[in-house]
Amino acid sequence: MARYRFEEEEHTMFRKSLRKFLEKEAVPQYDQWEKDRLIPKSFWRKLGEMGFLCPQVEEQYGGLGLDFRYGVIIGEEMERVGASLTGVGLHNDITVPYIEAYGTEQQKQEWLPGCISGEYITAIAMTEPGAGSDLANISATAVKEGDHYIVNGQKTFITNGINSTHVLVVVKTDPKAEPKHKGISLLMIEEGTPGFTKGRKLDKVGLHAQDTSELYFEDCKVPAANLVGEENKGFTYLMEKLQQERLVVALAAQIASEDMLEMTVDYVKSRKAFGKPISAFQNTQFKLVEMATEIELGKAFLESLIEEHMAGKDVVSKVSMAKYWLTETAKKISGECMQLHGGYGYMEEYKIARRYRDIPVAAIYAGSNEIMKTIIAKRMGL
Ligand SMILES: Cc1cc2nc3c(=O)[nH]c(=O)nc-3n(C[C@H](O)[C@H](O)[C@H](O)COP(=O)(O)OP(=O)(O)OC[C@H]3O[C@@H](n4cnc5c(N)ncnc54)[C@H](O)[C@@H]3O)c2cc1C
């Protein structure tokens with residue numbers, strides 16, 4: 001059955017086949033990946049073989065030329081398995097679109113086929129130890145010397161950091177620019193480039209299988225041909241593409257909420273106290289009804305937002321609203337669902353415990369929820 005009104009039969013079939021694939025290739029392995037703190041590259045290759053990586057890319061570069069509705073389905077089905085699969089959505093819907101939109105013909109031919117097959121895994125490196133929300137204030141520099149840039153700096157909290165073969169690095173090409181954001185550019189730095197080293201795999205509260213890491217650049221010599229888009233226009237590109245990133249995070253939060261509600265409904269029906277199922281208590285019912293209502297509201301909001309985004313409308317305010325509201329809602333739901341599980345909810349063998357650990361970061365990354373509110377406030381003329 002279609003999940004959204006804009007889903008056609010082929011989308012529903014695509015969702016079905018992806019879900020079947022994940023039930024075989026991801027669900028049974030997921031616990032082990034969480035223990036290993038890594039999703040193996042072989043899984044990426046399998047995704048590529050099945051056409052689940054970057055299906056939106058034009059056929060001439062090896063893609064399927066499919067629309068964003070397929071991206072929505074991939075993001076949702078990955079999240080259904082577990083939040084640590086977020087790196088796939090980041091590759092498909094966040095990093096690769098920069099190459100598609102701003103890359104040269106040569107860059108597209110060189111990089112896109114590998115991104116589709118799973119041979120290449122991408123990451124985007126904006127955040128630094130000293131600058132996250134205040135992106136214009138980054139200090140990594142790229143100084144042009146002949147036909148190369150010499151890059152120096154450090155990045156942190158980078159999703160896909162360890163597995164990545166291609167990192168789109170946000171650098172200062174004009175450190176003196178005023179305002180500061182006018183001196184920012186995007187450089188694709190490939191694994192193995194001298195002077196580029198990967199740091200620690202970071203030990204996180206949740207998203208355990210996600211290989212978030214630090215990256216270091218020390219006199220790293222990057223071909224000038226790896227500049228993506230025009231020099232000093234990086235910030236403009238980021239502001240445009242961050243909309244889809246935030247939408248993808250909102251979608252994942254919605255799926256997390258739905259999953260938590262479903263598992264909690266099942267649990268309260270089977271657990272008994274005072275001679276009756278927990279689900280018979282009015283408090284339980286009211287809590288679950290409130291969650292179900294918020295979930296329905298979230299889904300309706302997302303449905304219209306995806307349509308507006310696909311129609312190319314200005315969705316900056318609404319995307320920021322969706323990102324902040326849906327992630328806050330999911331956080332709240334995670335606490336309430338854990339409470340309804342009683343002590344078992346605090347045990348690792350119950351899925352709610354993992355969801356509870358995984359969800360808070362959604363309020364922090366892709367632009368924190370406070371930053372979302374500053375964007376909305378500005379657009380309200382405040
Ligand atoms: C698991 C994980 C994965 C990540 N993946 C990536 C990635 O792939 N690539 C990447 O580049 N980054 C990534 N990040 C980094 C993430 O985007 C940043 O952590 C986030 O933008 C916040 O920046 P910060 O950590 O420096 O916090 P800070 O900017 O120091 O913020 C600290 C607090 O102050 C608040 N604050 C800051 N400015 C304002 C303001 N103007 N008004 C009100 N409140 C404000 C923030 O909302 C926050 O609550 C990831 C982070 C995590 C945890």
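First listed ligand is number 1; within each ligand, the first listed atom is number 1.
The existence of a salt bridge linking Lys318 and Glu308 is confirmed by a sub-4.0 Å separation between a basic side-chain nitrogen and an acidic carboxylate oxygen. A salt bridge links Arg379 with Asp314: the distance from a Lys NZ or Arg NE/NH1/NH2 to an Asp or Glu carboxylate oxygen falls below 4.0 Å. Ion pairing between a basic and an acidic side chain is recognised when a charged N comes within 4.0 Å of a carboxylate O; Lys221 and Glu145 show no such pairing.
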Nitrogen or oxygen contacts under 3.5 Å, ligand 1 side and protein side:
from     : atom 1 : to     : atom 2 : distance (Å)
ligand 1 : 5 (N)  : Phe157 : O      : 2.8
ligand 1 : 5 (N)  : Thr159 : OG1    : 2.8
ligand 1 : 8 (O)  : Thr159 : N      : 3.0
ligand 1 : 8 (O)  : Thr159 : OG1    : 3.2
ligand 1 : 9 (N)  : Ile124 : O      : 2.9
ligand 1 : 11 (O) : Met126 : N      : 2.8
ligand 1 : 11 (O) : Thr127 : N      : 2.9
ligand 1 : 11 (O) : Thr127 : OG1    : 3.2
ligand 1 : 12 (N) : Thr127 : OG1    : 2.7
ligand 1 : 14 (N) : Phe157 : O      : 3.3
ligand 1 : 23 (O) : Ser133 : N      : 3.4
ligand 1 : 26 (O) : Gly132 : N      : 3.3
ligand 1 : 29 (O) : Ser133 : N      : 3.0
ligand 1 : 29 (O) : Ser133 : OG     : 2.6
ligand 1 : 47 (O) : Ser368 : OG     : 2.6
ligand 1 : 47 (O) : Glu370 : OE1    : 2.6
ligand 1 : 49 (O) : Glu370 : OE1    : 3.4

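Residue pairs meeting the ring-ring contact (aromatic ring centres under 6.0 Å, His included) criterion with at least one member in residues 134-160, sequence neighbours excluded, do not occur.
Annotation: ring pair (Phe, Tyr, Trp, His ring centres under 6.0 Å) contacts of Phe301 (sequence neighbours excluded): none. Partners of Glu348 under the side chain to side chain donor-acceptor pair (under 3.5 Å) rule, at least two apart in sequence or in another chain, are Arg357.
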